[in-house]
Amino acid sequence: MSRKSLLVTGIGELTVNDPQAVDNSADRAGRRESRPEPASNTAFAVEDGKIAWIGLAIDAPAADEVLDVAGRAVIPGFVDSHAHLVFAGDRAAEFAARMTGTPYSAGGIRTTVAATRAADDVQLRANVRRLVHEMAAQGTTTVECKTGYGLTIEDELRALKIAKEECDAATFLGAHVIPAEYADRRADYVDLVRGPMLDACAEYADYVDVFCERGAYDEAETRLILDAAKARRIPVRLHANQLGHGPGVRLAVEYGAASADHCTYLDDKDIEALAGSETVATLLPGVEFSTRSPYPDARSLLDAGARVAIATDCNPGSCYTSSMPFCLALAVREMRMSPGEALMAATLGGAHALGRTDIGHLALGARADFAVLDAPSYLHLAYRPGVPLIHSVWKNGRKSVST
Ligand code: NIG
Ligand code: FE
């Protein structure tokens, strides 16, 4: 049975992000940025969860329901393409210590591993749902979620199954850190991850990820795990160049990763490699904020023509925010992205990072995932940081949040 159709009218400003127009303007060495139209005369119709018509309101087709948004701005829902939501406990004390001078290190992950192993499935699922709900209330309509706080076959498998059921994309991150019990047998743990653990998890993994970093996995270990993923035809993505310069970005490009995430420390060769590839540079400015680190050089990446995404990296250690609007405001203020570039990166950029062509935009045929803002323009997302500007959120043509 087909679902009720919906007509959205009274739009003050509409951001469509038509992927074809975006790529054409990028080809002409223009900026890859959202360019909304003042849209007082524009309306769009949704049928069966998709954008079925878009045009002048006076030409609009009849619909079962009409949503008059009374001059508000409408944007594509945010695509949060990097998050770690399957965990228990928090690390507020670690954050407080950081703010008074203790540097962030990958070792803190082990604290969350212990708490996560001790939690039952009901607690873990409830935590994911709580955070997905927080994200939705802030305009996010697509969420990627990683494992990485289990680090045994059983604990990684249950985390991956929960991620798969509760989120839109599930990433296996058995190679997050080396667990404490393998501290002096690193090679054995790498063999476990790329062998039996990946065998158990492969069926549920949309992606395989590795934290390629000092204090986590080195280049040789990362290669072994990426090779194992490739052998099973599972696409890969990498945590790369977060804590210092290193081989992560280069490996991500070499392996055709969907994304290289963090990119905090880049040299010219890394930027050139990303710009010449399909690998998306996923920037996570909430991490730099929460770890008091320098922000990534978004300007050089964008100016070189790299595809850029913005995501939250929501996790209890390096960045415990679920707010895409907050990350977008940071990208504008701290990384010198234009507001349009930041919105593009937080929507269509995230969609590219997840290999999705049906989301991140509102062109004809797209999934009807959109947010109505309590503001006349999307510019207010960065202009009014910290202010709850989400009026309502629609996922697949259905209202998922209304405030
Ligand atoms: O993306 N860098 C690796 N993983 C997470 C941090 C996880 C943690 O500190 O618990 C990140 O920043
Ligand atoms: Fe991460």
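All ligand and atom numbering here is 1-based and tracks the order in the structure.
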Hey, are the side chains of E341 and R299 touching, using non-hydrogen atoms and a 4.5 Å cut-off? yes

Run through ligand 1 for me and note each protein residue having a heavy atom under 4.0 Å from it, chain first, then residue number. H82, H84, R91, Y104, I109, Y149, H176, F211, H239, Q242, H262, D313, N315, G317, S318

Return the minimal non-hydrogen interatomic distance between M335 and L283, and the atom names on each side. CE-CD1, 3.8 Å

Any side-chain donor near an acceptor of the partner, T312 and D80, under 3.5 Å: yes

Report, as a single number, the protein N, O or S atoms less than 2.8 Å from the Fe ion (ligand 2). 4

Are D155 and T116 side-chain neighbours, meaning at least one heavy-atom pair lies under 4.5 Å? no

Within the 3.5 Å criterion, strictly below it, is a donor on H262 or N241 matched to an acceptor on the partner's side chain? no

Could you label the plane-to-plane angle of the Y383 and H380 rings as parallel, tilted or perpendicular, counting under 30° as parallel and over 60° as perpendicular? perpendicular

Indicate the ring-plane relationship of H176 and H239, choosing parallel, tilted or perpendicular according to the 30° and 60° boundaries. tilted

Parallel, tilted or perpendicular: ring planes of Y149 versus F87, cut at 30 and 60 degrees: perpendicular

Compare all side-chain heavy atoms of Y204 with those of E165 and state whether any distance is below 4.5 angstrom. no

